[in-house]
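Data block below; observations after.
Chain A is the first sequence line, chain B the second, and so forth, proteins listed ahead of strands; every chain is numbered from 1.
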2 protein chains.
Amino acid sequence: MITPEPHILEPMVRRLAYRVSLDAADREALLALPFTVRTVERGGYIVREGDIATRTSVMLSGFSVRSKTVGSGARQIVSIHMRGDMVDLQNSLLDTADHTVEMLTRGRIAEIARNEIWRIAADRPMVARAMWRETLVDGSIFREWLANIGRRDARTRLAHLFCEFALRLKVAGLADAGQYELPMTQEQLADATGLTSVHINRTIRGLEADRFIERDDPRRIHIMDWDRLAEVGDFQSEYLHLRDGDTVIV
Amino acid sequence: MITPEPHILEPMVRRLAYRVSLDAADREALLALPFTVRTVERGGYIVREGDIATRTSVMLSGFSVRSKTVGSGARQIVSIHMRGDMVDLQNSLLDTADHTVEMLTRGRIAEIARNEIWRIAADRPMVARAMWRETLVDGSIFREWLANIGRRDARTRLAHLFCEFALRLKVAGLADAGQYELPMTQEQLADATGLTSVHINRTIRGLEADRFIERDDPRRIHIMDWDRLAEVGDFQSEYLHLRDGDTVIV
DNA sequence: CGTAGGCTTGAAAAGCGTCAATAGGAGTGG
DNA sequence: CCACTCCTATTGACGCTTTTCAAGCCTACG
């Protein structure tokens with residue numbers, strides 16, 4: 001018996017169909033999009049500040065971050081991307097990229113020309129709707145991050161990020177139970193939370209000391225008790241706009 | 001001679017046509033959208049967290065802010081809206097609002113049913129494109145705010161906000177030279193920048209002492225020298241995606 | 001087996017928050 | 001028109017969270 005090879009763009013279709021119902025023709029049209037696959041090393045760039053946007057990149061594997069650099073040289077990570085995310089849908093209508101997208105780990109991306117995206121959006125209303133929805137969820141996450149960085153202390157901020165990670169990984173099918181491998185260094189966690197790596201270290205160790213999480217290896221997070229972690233992280237999953245079953249970790 | 005009464009939705013059309021070219025038919029279709037006008041008092045709500053989104057509100061006059069409240073009770077303002085902004089385009093595809101929109105000043109809004117927005121977007125590709133672009137610019141501003149709050153110190157953060165305000169007011173035709181009336185209290189500025197009102201006060205006074213700005217009345221900001229303020233605020237206007245002529249204050 | 005990147009920890013400093021008190025102005029009711 | 005209240009702005013004193021600077025350690029990898 002032969003299992004048919006899954007289509008490379010399958011993660012994108014799965015994502016778009018997550019909360020908008022796409023019919024067979026929609027799915028077929030999506031899978032028929034012309035694309036090129038590229039493997040990018042850890043630290044490699046998908047988009048650089050100032051680039052002219054000509055294509056959208058779909059994450060197939062690995063993790064990437066979108067970041068901005070301020071005048072002092074400090075960096076702020078504004079979003080984290082994983083399998084299924086369409087990384088540059090955001091910028092497809094704007095002239096030049098105002099940020100950088102960089103791989104956190106080695107991974108593969110599928111690049112789709114911008115005009116192909118526009119064409120399918122014009123032809124297939126439900127696909128347009130699904131993509132539109134993705135960007136709105138993105139915006140919702142940006143707003144939550146603003147609240148997180150602007151108004152929560154270090155412990156809450158970090159616990160919140162760990163919760164978000166857990167759910168998004170679960171939805172992307174990349175982690176199951178309450179444990180996962182963090183794809184970020186403590187310095188990157190610092191850039192994502194608006195803290196310093198030293199303070200991230202102390203805060204992680206504090207969460208560990210108080211048994212919210214456990215780590216065998218510095219990057220492997222075990223969530224001891226989802227409810228407790230969500231509480232200390234002031235985490236409510238609504239902003240991720242997930243399906244009901246996906247809003248908690250068992 | 002009679003000057004024809006300008007149409008109430010004119011500010012919205014002007015905004016949408018700002019960087020996407022809309023033809024006469026597009027404009028007509030936009031102006032033909034059914035709407036209801038509502039005057040909202042200072043402190044009144046346009047959207048409340050948990051509301052089910054059924055309509056989009058176009059700001060006709062006055063100012064509003066979008067905010068989220070965290071567990072500790074602290075509030076984070078995530079965006080500021082003025083004439084021409086379509087406040088709820090963001091949430092039109094998502095189930096329930098994950099934030100609140102509140103008037104900073106008395107003002108008028110035009111409410112348009114969500115399905116009307118969808119209809120015109122489906123019928124008129126360039127209108128869809130213009131609205132899509134608006135939400136992308138919104139996202140770009142969220143990202144800049146994340147960098148601002150996460151990685152800049154209080155003085156830079158506040159100066160940056162003052163610069164953004166100056167340009168947006170100018171583009172909306174609400175302020176001309178380098179001076180404007182701030183529609184926000186210092187406490188609201190604090191909620192927008194992730195600081196406290198006490199520290200905002202000290203920071204404003206510092207900017208004043210060093211002659212970046214002048215104030216006769218606590219709310220009236222005079223920008224002494226745009227280049228200096230932009231420098232201290234680490235402000236580069238690209239993220240607002242304005243037309244070339246609109247990127248500086250005379 | 002040496003080097004580099006990431007993690008960890010200590011000590012001290014700085015920026016920003018908290019608490020508290022005062023003052024001015026706008027609106028309100030008598 | 002005055003007394004009263006509420007809201008906003010302002011300032012001082014103090015304290016705490018987070019940063020900065022610095023050093024040591026571990027592990028992966030060439």
Protein-nucleotide distance (A/Asp153, atom CG; C/dC16, atom P), rounded to Å: 17 Å

Ion pair check, A/Arg55 and A/Glu111, cut-off under 4.0 Å: yes

Rounded distance in Å - CZ (A/Arg219) to P (C/dG5): 14 Å

Over 12 foreign heavy atoms within 6.0 Å of CD, A/Glu231: no

Segment of DNA chain D, first to last nucleotide, that comes within the 4.0 Å heavy-atom reach of chain B: D/dT8 to D/dA13

Contact check, side chains of A/Ile109 and A/Leu60, non-hydrogen atoms, under 4.5 Å: no

Sugar-phosphate only, base, or nothing, as touched by B/Arg157 at under 4.0 Å among non-hydrogen atoms: nothing

B/Arg219 backbone acceptor or donor facing B/Asp217 side chain under 3.5 Å: yes

Main-chain N/O of A/Leu195 paired with B/Arg151 side-chain donor or acceptor, under 3.5 Å: yes

Nearest non-hydrogen partners of B/Ala97 and B/Arg48, listed with the distance: CB-O, 3.9 Å

Extract from the structure each pairing of a protein N or O with an N or O of nucleotides 17-24 of chain C at less than 3.5 Å, listing the distance.
residue, atom, partner, partner atom, Å
C/dG17, OP2, B/Thr196, N, 3.2
C/dG17, OP2, B/Thr196, OG1, 3.0

Aromatic plane relationship, A/Tyr180 with A/Phe162 - under 30° parallel, 30 to 60° tilted, over 60° perpendicular: perpendicular

Pi-cation contact, B/Tyr239 with B/Arg143 (under 6.0 Å, within 45°): no

